[in-house]
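Here, residue 1 is the first one in the sequence, and each next residue gets the next number.
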Amino acid sequence: MASEEDKTITSGSPSQVSAGCSPVLVNSLTYLGTIAAFLLAYFLREFPGVPFPAVGCLVASTAEFGKWSSAGYVLMALWSFHFLRRFVEVLFVHEYNRKMPYVESVGAPVYYWGFGFWIGLSLRHDLGYVNTYLTLFVVGSVLFFVGEVGNGVSHLQLRNLRNSKNNHLLFQTKSQHVVPHGLMFELVSCPHYFFEIVSWLGFTLATWALPVVLFLAASVLTLSIYSYQKHKAYRAEFDGTEGRELYPPNRKALVPFVF
């Protein structure tokens with residue numbers, strides 16, 4: 001689920017919401033609260049037993065690594081890093097052009113805090129969690145950081161594009177939108193969404209907890225829809241007529257060469 005707004009890819013004038021909440025405030029509280037919910041669930045003592053697979057590992061290791069309790073702190077660090085990065089981006093990277101509707105302002109925290117609490121709970125060794133295999137843990141952790149770096153770089157590219165007020169390409173359309181170029185933008189319209197999925201795929205491989213798998217599935221579904229809509233808007237606006245740039249015909253929406 002993505003709540004960031006980037007202004008470079010919507011077609012026409014941005015939609016305005018006359019009533020709602022500050023997206024900076026809502027997203028900041030949402031992301032910090034998601035970390036807090038995870039930590040609360042992870043460290044809350046004397047929590048009633050929860051049956052498998054609501055908590056526990058779906059692909060548990062039978063080796064000594066499965067009992068390494070410090071792995072939980074590594075997973076906690078990965079989770080916290082992701083949402084701290086998103087919190088920083090809310091303050092210094094993203095640009096919001098509308099208020100956040102009240103339903104979305106309530107729904108986003110409920111969604112993230114709920115998953116944060118459940119995931120923190122599911123990774124507790126005292127409730128039955130056993131680490132997955134070391135190879136999966138390492139590969140997943142590395143993949144997570146690849147996704148984090150790619151996501152952050154893509155967001156910075158979009159910010160730099162918005163700040164290029166002297167770029168003549170901004171005046172190709174009345175909306176002053178521009179086609180992003182460079183790095184993964186040459187392959188897909190929404191590399192920030194692609195790398196978001198990469199991050200959660202990595203976290204899934206490193207944990208193999210049911211709520212993480214569900215969180216990944218929800219992210220894939222949501223970001224697939226968002227990326228298709230943005231890709232469609234790009235192609236409609238940049239049609240190569242009246243001096244406008246033709247949108248790269250081979251560029252995909254979300255997954256390079258595939259979708």
Side-chain angles (χ1 to χ4, degrees), residues 1-5 17 20-58 72-94 96 98-129 140 144 147-148 151-152 155 192-193 195-204 206-223 225-226:
M1 181 175 179
S3 51
E4 298 94 353
E5 294 293 329
V17 178
C21 300
S22 164
V24 173
L25 177 62
V26 172
N27 287 327
S28 296
L29 293 177
T30 296
Y31 298 147
L32 292 178
T34 303
I35 298 174
F38 182 102
L39 297 178
L40 176 63
Y42 193 82
F43 289 110
L44 187 65
R45 292 302 141 201
E46 299 181 359
F47 197 89
V50 181
F52 180 85
V55 300
C57 182
L58 301 175
Y73 294 103
V74 176
L75 298 174
M76 183 189 310
L78 298 183
W79 180 269
S80 300
F81 178 85
H82 175 85
F83 288 102
L84 280 175
R85 176 184 62 79
R86 293 181 72 165
F87 169 68
V88 171
E89 289 178 342
V90 167
L91 298 181
F92 302 108
V93 177
H94 298 310
Y96 299 92
R98 65 180 179 90
K99 292 183 178 180
M100 185 176 287
Y102 292 121
V103 173
E104 188 177 349
S105 300
V106 174
V110 170
Y111 174 84
Y112 281 107
W113 296 354
F115 265 114
F117 189 88
W118 187 11
I119 291 172
L121 198 67
S122 70
L123 299 179
R124 287 176 53 160
H125 283 261
D126 62 324
L127 294 181
Y129 181 77
F144 177 88
E148 291 300 291
N151 198 334
H155 283 155
H192 46 317
Y193 292 165
F195 283 116
E196 177 88 3
I197 293 174
V198 169
S199 289
W200 293 125
L201 176 60
F203 198 73
T204 299
T207 61
W208 280 106
L210 176 62
V212 179
V213 174
L214 295 178
F215 190 77
L216 170 64
S219 297
V220 170
L221 176 61
T222 303
L223 297 179
I225 295 173
Y226 286 175

Please check if the side chain of N27 supplies one atom and the backbone of P23 the other of a donor-acceptor pair under 3.5 Å. yes

Would you say that T34 contacts W79 through its side chain, given a criterion of any heavy-atom pair below 4.5 Å between the two side chains? yes

Please verify the inter-ring angle class for F83 with Y31; under 30° counts as parallel, over 60° as perpendicular, anything in between as tilted. tilted

H192 vs H155 aromatic rings, parallel, tilted or perpendicular, using cut-offs 30° and 60°? perpendicular

Rounded distance (nearest 0.5 Å) linking atom OG1 of T222 with atom CD1 of I197: 9.5 Å

At what distance, to the nearest 0.5 angstrom, does CG of L25 lie from OG1 of T30? 8.5 Å

Where is the tightest heavy-atom contact between Y96 and V90, given as atom of each residue plus distance? OH-CG2, 3.5 Å

Look at the aromatic rings of W200 and F144 and report parallel, tilted or perpendicular, splitting at 30° and 60°. perpendicular

Using 30° and 60° as the class limits, which term best fits the ring planes of F115 and W118: parallel, tilted or perpendicular? parallel

Any side-chain heavy atom of F203 sitting closer than 4.5 Å to one from H82? no

Y112 and F215, any side-chain heavy atoms less than 4.5 Å apart: yes

With a 4.5 Å limit on heavy-atom distance, are the side chains of M76 and L123 in contact? no

If we only count heavy atoms from C-beta on, is the L210 to V55 side-chain gap below 4.5 Å? no

Would you say the side-chain atoms of Y129 pair up with the backbone N or O of A209, donor to acceptor, closer than 3.5 Å? no

Taking all heavy atoms of C57 and all of T207, pick out the closest pair and write down the distance. SG-O, 3.4 Å

Do any N or O atoms from the side chain of S105 and from the backbone of M100 form a donor-acceptor pair under 3.5 angstrom? yes

Can you name the residues that form a salt bridge (charged side-chain N to carboxylate O under 4.0 Å, His left out) with R85, not counting sequence neighbours? E89, E148

Please list all pairs meeting salt bridge (Lys or Arg N to Asp or Glu O under 4.0 Å) that have one or both residues in residues 47-58, counting only residues at least two apart or in different chains. none

Taking every heavy atom of S28 against every heavy atom of L91, the minimum-distance pair comes out as OG-CD2, 3.9 Å

Any idea which heavy atoms bring A41 and L121 closest together, and the distance? CB-N, 3.5 Å

For side-chain contact (heavy atoms from CB on, under 4.5 Å), just list the numbers for V93 and V88, CA-CA rounded to whole Å, side-chain angles, deciding distance to a tenth of an Å, and then say yes or no. CA-CA 8 Å; V93 177; V88 171; 5.8 Å; no

For G20, is there any backbone N or O sitting under 3.5 Å from a side-chain donor or acceptor partner on R98? no

Where is the tightest heavy-atom contact between P53 and L58, given as atom of each residue plus distance? CB-CD2, 3.9 Å

How many angstroms lie between atom OH of Y226 and atom CG of L221, to the nearest 0.5 angstrom? 10.0 Å

Test log, rule side-chain contact (heavy atoms from CB on, under 4.5 Å), inputs R86 and N151: CA-CA 10 Å; R86 293 181 72 165; N151 198 334; over 6 Å; no

Shortest non-hydrogen contact between Y42 and G120, atoms and distance: CD1-O, 3.5 Å

